[in-house]
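See below for the structure under consideration.
Each ligand, and each atom within it, is numbered from 1 in the order the structure gives.
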Amino acid sequence: MHVFEAVDSRKSCRAFLPTPVDGALVRELIERATRAASGGNLQPWSITALTGAALADLVRDVRAALGTLDPRNLNGDYPVYPEPLFEPFRTRRFENGVALYRALGVARGDDAGRLAQYMQNYAFFGAPVGLFIALDRRCGPGQWTDVGGFLATLMMLARGYGLSTCAQESWARITTIVTPLIGLPDTEMLFCGVAVGYADENAPVNRVRTTRAGVDEVCRFVGFETT
Ligand SMILES: Cc1cc2nc3c(=O)[nH]c(=O)nc-3n(C[C@H](O)[C@H](O)[C@H](O)COP(=O)(O)O)c2cc1C
């Protein structure tokens, strides 16, 4: 697959087919993703990959531990967004939520419907593979960025295998529940989860095509004759 196509076709997948992903392929995907650049070549990422019964047990145990808790109000080791969220990010996040829930047919005031969708995060949206991405707690912003680069590389490479993904910060909200279940050492901090599998292309939630700010909104071009 051409790199442009990989980037363009990557989107957050929130409904997966139950089709398993071959273990050797998952290993290869992660191995290739470790080619991501990192400052000083520190390679600060740490991955836990689950599938099959191990994944099913985790999903069951997380569901039981969550009970009636609303995880949308929780923060784990780091606040997922600045509080309060400011412009223009606030509006972008809001519009993203509107598009997602519209695709799902969940009405604006239907908080139970929204919560039900959010809880799908904790089943990896039905994906056959769940990844947890963590890093050493002593790391700083530079290494956090490196982990983001690893994540992006992994999600692009997944497209080359015909796989879809969804990065999930929602897992970081329940770090106290999930960390012991996946045996993550106390020295590591959970950054996010990633659902990996084959997309259910017929699912309405997967038809969402998110928008982007224009290039002039995010980049100042200096010294170019034409842009
Ligand atoms: C680090 C990170 C964490 C994310 N966490 C979640 C999440 O917990 N649940 C979810 O449904 N989507 C999550 N997303 C997906 C974003 O909402 C999505 O990337 C964004 O809306 C742009 O849409 P696109 O990925 O389809 O291009 C996350 C994305 C990133 C990069």
Side-chain angles (χ1 to χ4, degrees), residues 4-16 33 36 44-47 58-59 62-63 66 69-82 85 88-104 106 113-127 129-135 139 141 143-159 163-175 177-178 189-197 199-201 203-215 217-218:
F4 291 172
E5 191 189 344
V7 172
D8 201 49
S9 69
R10 189 222 48 86
K11 60 182 181 183
S12 293
C13 175
R14 297 186 180 90
F16 290 86
W45 38 80
S46 158
I47 304 109
L58 174 85
V59 167
V62 166
R63 192 178 299 137
L66 274 171
L69 215 61
D70 184 342
R72 295 173 298 179
N73 304 322
L74 303 178
N75 268 321
D77 288 320
Y78 69 95
V80 169
Y81 300 108
L85 195 56
F89 307 139
R90 192 170 176 274
T91 299
R92 289 181 192 165
R93 185 179 181 209
F94 176 79
E95 288 175 351
N96 186 53
V98 168
L100 180 66
Y101 291 114
R102 187 181 295 136
L104 285 160
V106 175
R114 284 172 167 246
L115 179 59
Q117 168 60 21
Y118 194 82
M119 294 302 278
Q120 289 297 311
N121 274 291
Y122 303 113
F124 284 104
F125 301 111
V129 175
L131 307 181
F132 290 100
I133 316 283
L135 77 170
C139 287
Q143 292 74 52
W144 280 78
T145 310
D146 293 339
V147 173
F150 172 84
L151 179 63
T153 305
L154 181 123
M155 294 195 294
M156 297 319 146
L157 285 166
R159 296 303 301 135
L163 291 166
S164 292
T165 53
C166 187
Q168 298 178 273
E169 65 211 355
S170 43
W171 286 102
R173 292 188 186 276
I174 60 159
T175 187
I177 293 174
V178 73
M189 177 166 61
L190 180 63
F191 170 52
C192 71
V194 191
V196 182
D200 178 353
E201 300 291 359
V205 72
N206 283 342
R207 295 204 193 115
V208 176
R209 175 77 176 166
T210 50
T211 58
R212 292 295 186 270
V215 68
E217 203 179 318
V218 299

Any donor-acceptor pair under 3.5 Å from R102 side chain to V106 backbone = no
ask   = Quick one: are F125 and Q117 in side-chain contact, heavy atoms under 4.5 Å?
value = yes
request  = Indicate yes or no: at least one non-hydrogen side-chain atom of L154 is less than 4.5 angstrom from one of I133.
outcome  = no
For ligand 1, list all ligand N or O to protein N or O distances below 3.5 Å, rounded to 0.1 Å.
unit_1   : atom_1 : unit_2 : atom_2 : d
ligand 1 : 5 (N)  : A167   : O      : 3.1
ligand 1 : 5 (N)  : E169   : N      : 2.7
ligand 1 : 8 (O)  : E169   : N      : 3.1
ligand 1 : 8 (O)  : S170   : N      : 2.9
ligand 1 : 8 (O)  : S170   : OG     : 2.9
ligand 1 : 9 (N)  : N121   : OD1    : 2.9
ligand 1 : 11 (O) : R14    : NE     : 2.7
ligand 1 : 11 (O) : R14    : NH2    : 3.4
ligand 1 : 12 (N) : R14    : NH2    : 3.1
ligand 1 : 14 (N) : A167   : O      : 3.1
ligand 1 : 17 (O) : R14    : NH2    : 3.3
ligand 1 : 19 (O) : S12    : OG     : 3.3
ligand 1 : 21 (O) : N96    : OD1    : 3.2
ligand 1 : 21 (O) : N96    : ND2    : 3.2
ligand 1 : 23 (O) : T210   : OG1    : 3.1
ligand 1 : 25 (O) : R10    : NH1    : 2.9
ligand 1 : 25 (O) : R10    : NH2    : 3.3
ligand 1 : 25 (O) : S12    : N      : 3.3
ligand 1 : 25 (O) : S12    : OG     : 2.6
ligand 1 : 26 (O) : S12    : N      : 2.9
ligand 1 : 27 (O) : R10    : NH2    : 2.9
ligand 1 : 27 (O) : T210   : OG1    : 3.2
ligand 1 : 27 (O) : R212   : NH2    : 2.8

request  = Give a yes or no on whether a salt bridge exists between R209 and D8, defined as a side-chain N under 4.0 angstrom from a carboxylate O.
outcome  = yes
ask   = Hey, what's the ring geometry for F150 with W45, parallel, tilted or perpendicular (30° and 60° as the breaks)?
value = parallel
ask   = Shortest non-hydrogen contact from E169 to Y81?
value = OE2-OH, 2.5 Å
